[in-house]
Trainee: 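A single structure is presented below for examination.
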Amino acid sequence: MSLSLERLGRYNPEKPLENRLTDMGPRHYWEYFPPVIKNNYGKWAYHDILEPGVMVHVSETGDKVFTVRCGAARFMTVELVREICEIADKHCDGYVRFTTRNNIEFMVDSSDKLEALKKDLASRKFVSGSFKFPIGGTGAGVTNIVHTQGFIHCHTPATDASSMVKSVADELFDYFTGMTLPAKVRVSMACCLNMCGAVHCSDIAMLGYHRKPPIIDHEIISKVCEIPLAITACPVGAISPDKTKDGGKTVKIKGERCMFCGNCYTMCQALPLADKEGDGVTILAGGKISNRISEPKFSKVVVPWLPNNFPRFPEVVETVKKIINAYANDANKYERLGDWAERIGWEKFFEKTGLEFTEHLLDDYRLAYDTWRTSTQFKYTDAAWAVSKAAGGIE
Ligand code: HEM
Ligand code: HEM
Ligand code: SF4
Ligand code: SF4
């Protein structure tokens, strides 16, 4: 009894707890496995990538399953989900799955069915011209961009998610449908530094960033906020209790301490900080989550701020392209972007990408010391001198 149809008409607002179903959890995934997956569960021998977006898995029993991976916008209408179902019904006996990066995977059990499926997918476009189901996202390329809500739904963003992702993905489309890079490049996006998703652990990340402290609404703050929560939300102790002229409770914020994280606004709606000119995009690079060869890494800030130039974010697109091109030209096979940057040295990374090094990139938060250079080993580049200048060292 968990399908919505079975529950239709059972809700009575007069008796909200009557007929109430709860704690049933998700459906068991076994119910939705294609037969070939069920029959060979735990028996897979090897796999191959036949071409970008197309894989074959071969079982110990000799069975094969062909998978076609397609890009998706993540935010989608029920109409589009119905179209996905129609394709699954037509080619895959009604089965389909979504990946951890929100791509769609259609599976078939023979190469004849595979060709028909691929042709059908490639033929489908939106009226405006974009592919509905571009095939790709496998191997050493750029797959889907993990992203967040932006102005579509959240109240704390400093930029938009869907529009930026569309702009960057348009530019990187050939990397989605090809496998021409030294290793996979994971691009991700978050619209504020709550970092919902994977920006802190991706090869390239776009992150929404504020540059002005919150504005305090003294009139309502004591009515709508738990003031101690707002005070303890601040990572740098910039907020302290205060009194209004007529003796009411409020807070004050030391502007020169605040680094615009927006945490206090998450706790207290009387402290908004979004700002048209102040808000923009920070670019990070060099993170990874796998343990292949090197251990997982956090991504590091390489561009402090780019403008929110809606709707196509040309500066963001240009910067992402610069980083990927330098990496593609210079890295060794299997080297992830962070592996490459660490091998050549970050001063060389800045030289090769042409990105500017400024004082904003120097860590100054608590454990910052370990991120500075406690060695005489460095390469003479303009970027290395820029680090020295930014740190207040020799000119
Ligand atoms: C008040 C702030 C927030 C609101 C209103 C909010 C709301 C939402 C909504 C409506 C979704 C979409 C759910 C769906 O797909 O049906 C979502 C997804 C998600 N949220 Fe939040 N959320 C908030 C804060 C956060 C925070 C702070 C985190 C992380 C610490 C977070 C992590 C996520 C993740 C990982 C997803 C899934 C994205 C995906 O799978 O595509 N959210 N959130
Ligand atoms: C010191 C703190 C943190 C560490 C050490 C850390 C480390 C990691 C690592 C190693 C992974 C990869 C896990 C895997 O291989 O499956 C990961 C993924 C993830 N992290 Fe964090 N993380 C930290 C903080 C955060 C924060 C603050 C957030 C959100 C507010 C967050 C959200 C996520 C999400 C949503 C993923 C999944 C990404 C994906 O599936 O692609 N993490 N984190
Ligand atoms: S990253 Fe920030 S702004 Fe974006 S959805 Fe998450 S909480 Fe909201
Ligand atoms: S925005 Fe962040 S740093 Fe600034 S006062 Fe609020 S919590 Fe503190």
Side-chain angles (χ1 to χ4, degrees), residues 73-76 100-102 144-168 186-202 204-218 220-222 224-242 249-284 287 298-299 301 304-306 308 310 313 316 360 363-368:
R74 190 177 72 93
F75 262 100
M76 51 177 82
T100 56
R101 299 188 73 89
N102 303 305
N144 215 346
I145 301 178
V146 166
H147 64 282
T148 49
Q149 303 178 61
F151 297 148
I152 285 182
H153 199 124
C154 195
H155 63 296
T156 64
T159 188
D160 188 45
S162 299
S163 60
M164 192 189 301
V165 162
K166 167 69 173 156
S167 309
V168 173
R186 294 310 192 220
V187 184
S188 67
M189 192 278 158
C191 33
C192 85
L193 40 67
N194 274 347
M195 300 194 173
C196 306
V199 282
H200 65 300
C201 55
S202 299
I204 299 182
M206 291 97 71
L207 180 65
Y209 183 61
H210 303 289
R211 293 188 303 173
K212 298 188 186 176
I215 292 163
I216 309 169
D217 191 335
H218 297 288
I220 62 156
I221 187 164
S222 65
V224 298
C225 305
E226 292 273 6
I227 286 176
L229 288 184
I231 292 170
T232 49
C234 185
V236 291
I239 312 178
S240 48
D242 202 9
K249 286 182 180 157
T250 186
V251 298
K252 56 177 183 291
I253 296 180
K254 257 192 200 160
E256 69 278 17
R257 273 209 163 210
C258 170
M259 37 76 160
F260 334 117
C261 70
N263 250 0
C264 53
Y265 175 55
T266 300
M267 282 295 151
C268 171
Q269 61 187 288
L271 300 170
L273 78 165
D275 181 88
K276 192 164 179 242
E277 279 76 37
D279 294 354
V281 187
T282 292
I283 306 289
L284 300 91
F298 281 125
S299 45
V301 177
W305 189 85
L306 296 167
N308 270 337
F310 303 113
F313 299 91
V316 173
H360 299 289
D363 197 344
D364 55 1
Y365 187 70
R366 295 186 186 194
L367 304 177

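Every number for a ligand or one of its atoms is a count from 1 in the order of the listing.
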Trainee: May I have the step-by-step check of disulfide bond (SG atoms under 2.5 Å apart) for C225 and C268, ending in yes or no?
Mentor: CA-CA 5 Å; C225 305; C268 171; 2.1 Å; yes
Trainee: Should you measure from each heavy atom of V236, which atoms of ligand 4 turn up under 4.0 Å away?
Mentor: 3 (S)
Trainee: Using a 4.0 Å cut-off to any heavy atom of M259, which atoms of ligand 4 qualify?
Mentor: 3 (S)
Trainee: Give the numbers and elements of all ligand 3 atoms closer than 4.0 Å to a heavy atom of N194.
Mentor: 2 (Fe), 7 (S)
Trainee: If the cut-off is 2.8 Å, does any N/O/S atom of C196 fall short of it from atom 6 (Fe) of ligand 3?
Mentor: yes
Trainee: Is C234 close enough to atom 2 (Fe) of ligand 4 that one of its N, O or S atoms comes in under 2.8 Å?
Mentor: no
Trainee: If you compare all heavy atoms of R366 against all heavy atoms of P235, which two are closest, and at what distance to 0.1 Å?
Mentor: NH2-O, 3.2 Å
Trainee: Counting only pairs under 3.5 Å, give me each side-chain donor-acceptor contact of residues 204-211, with atom names and distances, residues two or more places apart or in other chains.
Mentor:
| from | atom 1 | to | atom 2 | distance (Å) |
| --- | --- | --- | --- | --- |
| H210 | ND1 | D279 | OD1 | 2.8 |
| H210 | ND1 | D279 | OD2 | 3.3 |
| R211 | NE | G278 | O | 3.0 |
| R211 | NH2 | E277 | O | 3.2 |

Trainee: Under a 3.5 Å distance rule, please check whether R74 uses its side chain to pair with a backbone N or O of T148 as donor and acceptor.
Mentor: yes
Trainee: Between T156 and ligand 3, which residue portion shows a heavy-atom distance shorter than 4.0 Å: side chain, backbone, both, or neither?
Mentor: both
Trainee: Indicate yes or no for a side-chain donor-acceptor contact from T282 to the backbone of P304 under 3.5 Å, with no hydrogens or angles considered.
Mentor: yes
Trainee: Kindly confirm whether atom 4 (Fe) of ligand 3 is within less than 2.8 Å of some N/O/S atom in C191?
Mentor: yes
Trainee: Out of all atoms in ligand 3, which are within 4.0 Å of some heavy atom of C192? Include the element for each.
Mentor: 1 (S), 2 (Fe), 3 (S), 4 (Fe), 7 (S)
Trainee: Just wondering, are more than 12 heavy atoms of other shown residues or ligands nearer than 6.0 Å to CG in L229?
Mentor: yes
Trainee: Can you name the residues that form a side chain to side chain donor-acceptor pair (under 3.5 Å) with T250, not counting sequence neighbours?
Mentor: H218
Trainee: To check your reading of the model: name the closest protein heavy atom to atom 4 (Fe) of ligand 4, its residue, and the distance in Å.
Mentor: C258 SG, 2.3 Å
Trainee: What do we get for L271 next to ligand 4 when only non-hydrogen atoms under 4.0 Å count, side chain, backbone, both or neither?
Mentor: neither
Trainee: Hey, which atoms in ligand 3 end up nearer than 4.0 Å to a heavy atom of C154?
Mentor: 3 (S), 5 (S), 7 (S), 8 (Fe)
Trainee: Considering non-hydrogen atoms of the protein only, which is the closest contact for atom 1 (S) of ligand 4, and what is the distance?
Mentor: G262 N, 3.2 Å
Trainee: Check ligand 4 against I239 and write out every atom of the ligand that is under 4.0 Å from a heavy-atom position of the residue.
Mentor: 5 (S)
Trainee: At what distance is the nearest protein heavy atom to atom 6 (Fe) of ligand 4, and which residue and atom is it?
Mentor: C264 SG, 2.3 Å
